[in-house]
Asks: 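Attaching a single structure in structure tokens format; questions to follow.
Just so it is clear: chains get the letters A, B, ... in the order the sequence lines come, proteins before strands, and each one is counted from 1.
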Amino acid sequence: MRWSQLFSPTLRDAPNDAVAPSHQLLVRGGFMRQLHAGHYSMLPLGWRVHQKVAQIVREEIEAIGGQEFLLPTMHPSGIWKESGRWDTMGEIMFRLEDRKGAELALGITHEEIFATVASELSSYKQLPQVWYHIQTKFRDEARPKSGLLRVREFHMKDSYSFDVDQAGLDAAFDRHDVAYRRIFERIEVPAFGVEASSGAMGGNDSVEFMTPSEAGEDDVVRCPDCGYSANIEKATSALPAIDDGAATALEQFDTPGVRTIAALEEFDGGAAADHQLKTLVMMLDGTITLVVVRGDHQLNTQKLADATGAIQIRPAEVDETVAALGAHPGSLGGVGVSDHPIIMDVALEGRVNMTTGANIDDKHYRGVSVERDVKVGQWADLREVGAGEACANCGAELTIVRCIEIGHIFKLGTKYAETFGVTVSTPDDGVVPVVMGSYGIGIGRNMAAAVEANHDENGIIWPVSIAPFQAVVTLMRLDDETLAAGQKIYDELKSLGVDALLDDRDARAGVKFADAELIGIPFRVTLGPRGLKEGNAELTERRSGNTEEVALTDVAQRVSERIADATR
RNA sequence: CGGGAUGUGGCGCAGGUUGGUAGCGCACCUGCUUUGGGAGCAGGGGGUCGUGAGUUCAAAUCUCACCAUCCCGACCA
């Protein structure tokens with residue numbers, strides 16, 4: 001490719017609304033342009049990278065036996081109604097009607113669709129199977145952001161495993177775990193697995209792959225000593241025991257003007273935050289529910305969702321709260337409440353002498369024995385872990401790291417198989433539902449994650465494996481001699497299988513160097529009058545900036561070797 | 001969905017308070033000079049000032065409504 005013909009509109013300044021480094025650099029480098037919020041047009045450079053990432057994913061999934069499909073991205077509503085997810089997916093799913101008024105959805109994922117195909121499986125002898133496709137997904141995200149990191153239209157490789165039993169699923173899951181780690185290694189995105197909430201996917205076991213980045217949206221709890229790591233939506237920690245003394249009688253007392261945990265700590269006759277019950281009134285799928293955590297703890301709403309199976313969760317409005325409990329926020333509690341469900345955090349088990357609101361404005365109770373005085377309908381882990389708390393495994397201090405979720409693998413079990421009749425005959429003449437797993441990795445998000453992990457003040461430093469071009473031959477002059485020498489090296493590079501670009505633009509040296517660095521080409525071969533006189537070219541590595549003089553006759557071979565070293 | 005901000009050539013911005021010919025830098029085109037780290041000079045092209053209404057002799061500028069985009073939060077495989 002000649003750069004003079006390449007459409008790669010580079011920008012000196014990043015658009016004002018780009019904040020994340022990957023967003024700024026991918027726009028500045030001419031890899032992509034925004035069409036509207038959450039939708040990007042891939043330009044030639046961007047599409048090259050995207051395809052290289054996809055190809056690596058493809059190779060690694062093929063390596064564990066995956067077979068490539070391509071399923072539709074527009075689906076009839078019926079199939080989603082069968083699985084129940086037409087309702088449970090809520091607003092994340094784009095829905096539309098065709099001319100006949102039939103309801104359609106744009107695919108957010110493809111469990112249902114693959115299951116319909118899998119219903120043609122009939123014998124255990126056909127298993128295991130791993131099926132995948134790389135297909136556009138649409139998700140009506142409430143807030144697309146950070147360029148390619150959170151979009152509404154994107155390509156995902158999703159694979160699905162089909163096994164005759166749980167042991168088969170476990171093996172398929174482990175093979176995906178290995179394949180994913182290989183993928184992240186090849187695209188040079190540092191990654192680690194964490195325990196995760198399965199959310200709307202269902203199933204019982206899932207691992208998210210994370211890469212640390214300030215541009216991410218997930219918080220991960222990590223233990224520096226034993227290696228424990230979990231999404232904050234799932235993480236637990238050990239709490240020091242608290243001595244409450246002996247249980248005493250329940251006693252109501254006046255607390256004029258006290259509306260917060262902090263105020264009750266200050267109040268004469270009040271209590272420390274860890275001796276208070278924090279009662280949150282939540283609306284779970286339309287049902288007023290009291291959610292209780294310790295006064296100094298924070299509720300994690302994903303944990304609440306996982307514990308209850310609720311889909312729509314929101315704090316109750318003040319008027320809803322007053323109607324339900326007869327008091328305003330600040331004086332609420334679960335004592336004596338029997339007409340609303342109460343869910344209590346497990347950290348409150350066995351606690352006595354606690355203080356909480358009395359459901360009368362300006363009054364609280366002290367001497368609350370949780371199990372004696374509150375009608376708890378469900379105990380659950382609801383508390384969000386904080387940095388510095390003790391690891392539940394080893395006691396070391398936990399840290400919280402901001403991360404980008406770059407992959408997620410799930411053990412689904414038989415839910416979809418049962419719904420869609422995916423069953424196989426067994427050797428002993430039985431029929432069993434197939435045990436499924438599903439495994440997702442976003443192509444564009446990983447492309448962006450690679451930039452987040454590989455850039456400097458001059459631009460992107462693409463890993464050789466996914467760079468839009470592996471090497472650029474930069475011509476300092478456009479005279480016949482330089483052009484001929486450059487063309488010769490370019491041809492040699494191509495014949496060695498190097499993905500090369502010839503910078504034959506009529507531009508100054510500074511512009512060419514700056515652009516090559518901005519778009520992140522790993523190796524640059526510079527041809528100028530100085531070197532040509534000696535019969536030499538310069539070979540510069542993007543990441544280090546180091547330059548070596550190489551004879552014109554050897555330079556293509558040398559580049560090829562360097563690339564081989566880098567991708568080994 | 002709540003809070004905040006912003007919409008003026010492809011990108012970055014000024015102008016707006018005080019209504020009166022739409023400007024600057026980069027990029028683009030032409031010419032000359034230059035040529036190893038984002039050149040200089042001269043000339044040139046390109047803008048429904050987010051959209052719609054309103055006020056006014058006159059609106060980028062004032063008023064109202066709407067739309068869009070970004071950030072924080074909520075939400076979210």
Asks: Watson-Crick or G-U wobble partner for B:A42, using a 3.5 Å limit on both distances?
Replies: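 Pair assignment: B:A42 / B:U30.
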Asks: What is the distance, rounded to the nearest whole Å, between atom CZ of A:R85 and atom C1' of B:C76?
Replies: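 To the nearest whole Å, that distance equals 14 Å.
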Asks: State which of B:C71, B:C76, B:G12 makes the closest approach to the side chain of A:E141.
Replies: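 Of the options given, the side chain of A:E141 lies nearest B:C76.
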Asks: Rounded to the nearest Å, what distance is computed from the CD atom of residue A:E91 to the P atom of nucleotide B:C75?
Replies: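 Between P of B:C75 and CD of A:E91: 14 Å.
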Asks: Reckon A:K145 has a side-chain N or O less than 4.0 Å from the OP1 or OP2 of B:C72?
Replies: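 Result: yes.
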Asks: Side-chain N or O of A:N16 versus OP1/OP2 of B:C13: is the shortest distance under 4.0 Å?
Replies: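 Affirmative; the distance criterion is met.
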Asks: Using the P atom in both, what is the distance from B:G4 to B:C76, to the nearest Å?
Replies: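 Nearest-Å result for B:G4 against B:C76 at atom P: 24 Å.
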Asks: Is a side-chain donor or acceptor of A:D503 paired with a backbone partner of A:L475 at a separation under 3.5 angstrom?
Replies: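 Not confirmed, A:D503 side chain does not pair with A:L475 backbone.
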Asks: Taking the P atom in each of B:U61 and B:C49, what is the distance between them to the nearest angstrom?
Replies: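 Nearest-Å result for B:U61 against B:C49 at atom P: 9 Å.
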Asks: Show me, pair by pair, the donor-acceptor contacts under 3.5 angstrom made by side chains of residues 309-319 of chain A, not counting sequence neighbours?
Replies:
{"from": "A:R314", "atom 1": "NH1", "to": "A:E320", "atom 2": "OE1", "distance (Å)": "3.0"}
{"from": "A:R314", "atom 1": "NH2", "to": "A:E320", "atom 2": "OE2", "distance (Å)": "3.0"}

Asks: Would you indicate whether A:K488, at its atom NZ, is surrounded by more than 12 heavy atoms from other residues, nucleotides or ligands within a distance under 6.0 Å?
Replies: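 No - once you tally the heavy atoms of other residues, nucleotides and ligands closer than 6.0 Å, there are 12 at most.
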Asks: What is the pairing partner of B:A74, taking Watson-Crick or G-U wobble pairs with both distances under 3.5 Å in any strand?
Replies: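 For B:A74, the partner nucleotide comes out as none, under the 3.5 Å rule.
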Asks: Parallel, tilted or perpendicular, judged at 30° and 60°: which one describes the rings of A:W131 and A:F114?
Replies: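 The arrangement is tilted - the two ring planes meet at 30° to 60°.
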Asks: Does B:G9 pair with anything, Watson-Crick or G-U wobble, both distances under 3.5 Å, and if so, with which nucleotide?
Replies: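 Pair assignment: B:G9 / none.
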Asks: Pairing check on B:A14: which nucleotide meets the Watson-Crick or G-U wobble criteria with it, both distances under 3.5 Å?
Replies: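 Paired with B:A14, as far as the under-3.5 Å criterion goes, is no nucleotide at all.
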Asks: Does CD belonging to A:E91 count more than 12 external heavy atoms closer than 6.0 Å?
Replies: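 Incorrect, the count does not exceed 12.
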Asks: Under 4.0 Å between any heavy atoms, over every strand shown, what does A:E405 touch: base, sugar-phosphate, or nothing? Just pick one.
Replies: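 If one applies the 4.0 Å heavy-atom cut-off, A:E405 turns out to touch the sugar-phosphate alone, with no base involved.
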Asks: Please report, rounded to the nearest Å, how far the C1' atom of B:A74 is from the CD atom of A:E233.
Replies: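 Atom-to-atom, A:E233 to B:A74, this comes out as 13 Å.
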Asks: To the nearest Å, give me how far apart CZ (A:R143) and P (B:U69) are.
Replies: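 After rounding, the gap between these two atoms is 13 Å.
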Asks: Expressed as a whole number of angstroms, how long is the span from A:F94:CZ to B:C76:P?
Replies: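 The distance from CZ of A:F94 to P of B:C76 comes to 17 Å, rounded to the nearest Å.
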Asks: On a whole-Å scale, what distance lies between the C1' atoms belonging to B:G47 and B:G12?
Replies: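 These two C1' atoms come out 16 Å apart once rounded.
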Asks: What integer distance in Å separates A:L35:CG from B:C70:P?
Replies: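 Value for this atom pair: 12 Å.
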Asks: Using purine N1 to pyrimidine N3 plus N6-O4 or O6-N4 for Watson-Crick, or N1-O2 and O6-N3 for G-U wobble, each under 3.5 Å, what pairs with B:A22?
Replies: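 Across all strands, not a single nucleotide pairs with B:A22.
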Asks: For the residue pair A:Y180 and A:F184, does the interplanar ring angle fall in the parallel (under 30°), tilted (30 to 60°) or perpendicular (over 60°) class?
Replies: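 If you compare the ring of A:Y180 with that of A:F184, the planes turn out perpendicular.
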Asks: Who passes side chain to side chain donor-acceptor pair (under 3.5 Å) against A:R48, sequence neighbours left out?
Replies: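 Expected list: A:D499.
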Asks: Between A:Y439 and A:K157, is any pair of side-chain heavy atoms under 4.5 Å apart?
Replies: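 Yes, their side chains come closer than 4.5 Å.
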Asks: Just checking A:Q298: does its CD atom have more than 12 heavy atoms from other residues, nucleotides or ligands closer to it than 6.0 angstrom?
Replies: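 Atom CD in A:Q298 is not packed in, count stays at 12 or less.
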Asks: Is the closest basic N to carboxylate O distance between A:E541 and A:R562 below 4.0 Å?
Replies: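 Yes, this pair counts.
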Asks: Counting heavy atoms not belonging to A:E214, are there more than 12 under 6.0 Å from its CD?
Replies: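 Atom CD in A:E214 is not crowded, with 12 or fewer foreign heavy atoms closer than 6.0 Å.
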Asks: Counting only side-chain N and O atoms of A:Q34, is one of them less than 4.0 Å from OP1 or OP2 of B:A68?
Replies: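 No, outside the criterion.
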Asks: What are the residues of residues 74-83 of chain A, sorted by number, that bring a heavy atom to within less than 4.0 Å of RNA chain B?
Replies: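 Nothing qualifies; none.
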Asks: Taking N or O atoms only and anything under 3.5 Å, show me the protein contacts with nucleotides 47-49 of chain B, one pair per line.
Replies:
none

Asks: Of A:P315 and A:Y40, whose nearest nucleotide on RNA chain B comes first from the 5' end?
Replies: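 Looking at RNA chain B, the more 5' nearest nucleotide goes with A:Y40.
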Asks: Using a heavy-atom cut-off of under 4.0 Å over every strand shown, decide if A:M93 touches base, sugar-phosphate, or nothing.
Replies: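 Since no nucleic acid heavy atom lies under 4.0 Å of A:M93, the category is nothing.
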Asks: Assess the pair A:W3 and A:F469: is the distance between their ring centroids shorter than 6.0 Å?
Replies: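 For A:W3 and A:F469, the ring centres are not under 6.0 Å apart.
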Asks: Give the table of side-chain donor-acceptor pairs shorter than 3.5 Å for residues 70-78 of chain A, with sequence neighbours excluded, one pair per line with atom names and distance.
Replies:
{"from": "A:T73", "atom 1": "OG1", "to": "A:T136", "atom 2": "O", "distance (Å)": "2.9"}
{"from": "A:H75", "atom 1": "ND1", "to": "A:W80", "atom 2": "NE1", "distance (Å)": "3.1"}
{"from": "A:H75", "atom 1": "NE2", "to": "A:P72", "atom 2": "O", "distance (Å)": "2.8"}
{"from": "A:H75", "atom 1": "NE2", "to": "A:H110", "atom 2": "NE2", "distance (Å)": "3.3"}
{"from": "A:S77", "atom 1": "OG", "to": "A:E103", "atom 2": "OE1", "distance (Å)": "3.4"}

Asks: Mind checking the P distance from B:A59 to B:C71? Whole angstroms is fine.
Replies: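 Approximately 36 Å lies between the P atom of B:A59 and that of B:C71.
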Asks: Using atom P in both nucleotides, what's the gap between B:C64 and B:C26 to the nearest angstrom?
Replies: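 Pairwise P distance, B:C64 against B:C26, rounds to 39 Å.
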Asks: What is the distance from CD of A:E217 to P of B:A74, rounded to the nearest Å?
Replies: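 Atom-to-atom, A:E217 to B:A74, this comes out as 11 Å.
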Asks: Between A:D554 (side chain) and A:V550 (backbone), is there a donor-acceptor pair under 3.5 Å?
Replies: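 Flag not set: sc A:D554 to bb A:V550 has no pair under 3.5 Å.
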Asks: What's the gap between B:A60 and B:G16 when it is taken at their C1' atoms, as a whole Å value?
Replies: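 These two C1' atoms come out 7 Å apart once rounded.
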Asks: Reading RNA chain B from 5' onward, which residue's closest nucleotide shows up sooner: A:D158 or A:G38?
Replies: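 The residue whose closest nucleotide sits nearer the 5' end is A:G38.
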Asks: What's the gap between B:C41 and B:U35 when it is taken at their C1' atoms, as a whole Å value?
Replies: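 Comparing C1' positions in B:C41 and B:U35 gives a spacing of 16 Å.
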Asks: Relative to each other, are the rings of A:F420 and A:Y416 parallel, tilted or perpendicular (30° and 60° limits)?
Replies: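 The arrangement is parallel - the two ring planes meet at less than 30°.
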Asks: How far, in whole Å, is B:U18 from B:C13 if one measures between their C1' atoms?
Replies: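 The same atom, C1', in both gives a distance of 23 Å.
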Asks: Taking pairing as Watson-Crick or G-U wobble with both contacts under 3.5 Å, can you name the mate of B:U63, or confirm there isn't one?
Replies: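 Across all strands, the one nucleotide that pairs with B:U63 is B:A53.
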Asks: Check the distance between B:G73's C1' and A:R402's CZ and give it to me in whole angstrom.
Replies: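 Interatomic distance, CZ of A:R402 to C1' of B:G73: 11 Å.
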Asks: Let's test this: given Watson-Crick or G-U wobble pairing with both distances under 3.5 Å, identify the partner of B:U35.
Replies: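 Result: none.
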Asks: Just by protein heavy atoms under 4.0 Å, how would nucleotides 35-46 of chain B read 5' to 3' in B, S and -?
Replies: SBBBB-------
Asks: Have a look at A:I313 and say if it touches a base, only the backbone sugar-phosphate, or nothing, with a 4.0 Å heavy-atom cut-off.
Replies: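 No contact.
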